Amino acid sequence: MTNLDWEINIEAVAASVAAKYGSEVAESVFRRYDATCFEDLGPVYYGEVFGDLMLIDEDG
């Protein structure tokens with residue numbers, strides 16, 4: 001996937017998590033990887049952050 005693909009997918013699932021559980025929950029995933037948003041996130045963590053957010057999103 002390209003960086004743009006990752007950005008689109010991560011931001012979409014983060015928005016879904018924030019809508020279901022509040023922005024604090026979505027932000028907490030980024031904080032685990034020393035980031036506050038996609039722009040601060042190291043590319044090495046894209047897959048992990050996406051996976052973490054998906055797990056949270058699918059629980060609802």
Side-chain angles (χ1 to χ4, degrees):
M1 270 203 278
T2 67
N3 282 350
L4 180 59
D5 292 334
W6 278 117
E7 182 176 7
I8 290 167
N9 290 325
I10 289 172
E11 289 184 350
V13 73
S16 179
V17 168
K20 289 179 183 177
Y21 304 106
S23 60
E24 177 62 29
V25 175
E27 291 167 7
S28 72
V29 174
F30 288 97
R31 280 197 303 273
R32 286 185 226 155
Y33 300 92
D34 295 321
T36 58
C37 61
F38 179 82
E39 288 78 24
D40 296 340
L41 187 62
V44 69
Y45 299 122
Y46 289 173
E48 291 176 55
V49 169
F50 182 74
D52 290 351
L53 288 166
M54 284 298 295
L55 286 173
I56 295 168
D57 192 45
E58 291 172 357
D59 282 346

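Note that the numbering runs from 1 along the sequence shown for the chain. It should be emphasised that the depicted structure is a prediction, and the values quoted were computed from it without experimental measurement. Side chains included, hydrogens not; waters and symmetry mates left out as well; all remaining heavy atoms used.
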Inset, instruction - For S28 and V25, indicate whether the former's side chain and the latter's backbone hold a donor-acceptor pair under 3.5 Å. - result: yes
Legend entry - D52 side-chain N/O to V49 backbone N/O, donor-acceptor pair under 3.5 Å: no
Inset, instruction - Quick one: do V44 and Y33 satisfy side-chain contact (heavy atoms from CB on, under 4.5 Å)? Show the steps, please. - result: CA-CA 10 Å; V44 69; Y33 300 92; over 6 Å; no
Legend entry - Partners meeting ring-ring contact (aromatic ring centres under 6.0 Å, His included) with F50 (sequence neighbours left out): none
Inset, instruction - Answer yes or no: is there an ion pair linking R31 with E24, defined by an N-O contact shorter than 4.0 Å? - result: yes
Inset, instruction - Taking atom OH of Y45 as the centre, report whether more than 12 heavy atoms of other residues, nucleotides or ligands fall under 6.0 Å from it. - result: no
Legend entry - Hydrophobic cluster identity match, I8 and L41, side-chain contacts under 4.5 Å: no
Legend entry - Side chain D57, main chain L53, donor-acceptor under 3.5 Å: no
Inset, instruction - Measure across F38 and F30 and return the closest heavy-atom pair with its distance rounded to 0.1 Å. - result: N-CE2, 3.6 Å
Legend entry - W6 with L4, same ILVMFWY side-chain cluster at under 4.5 Å: no
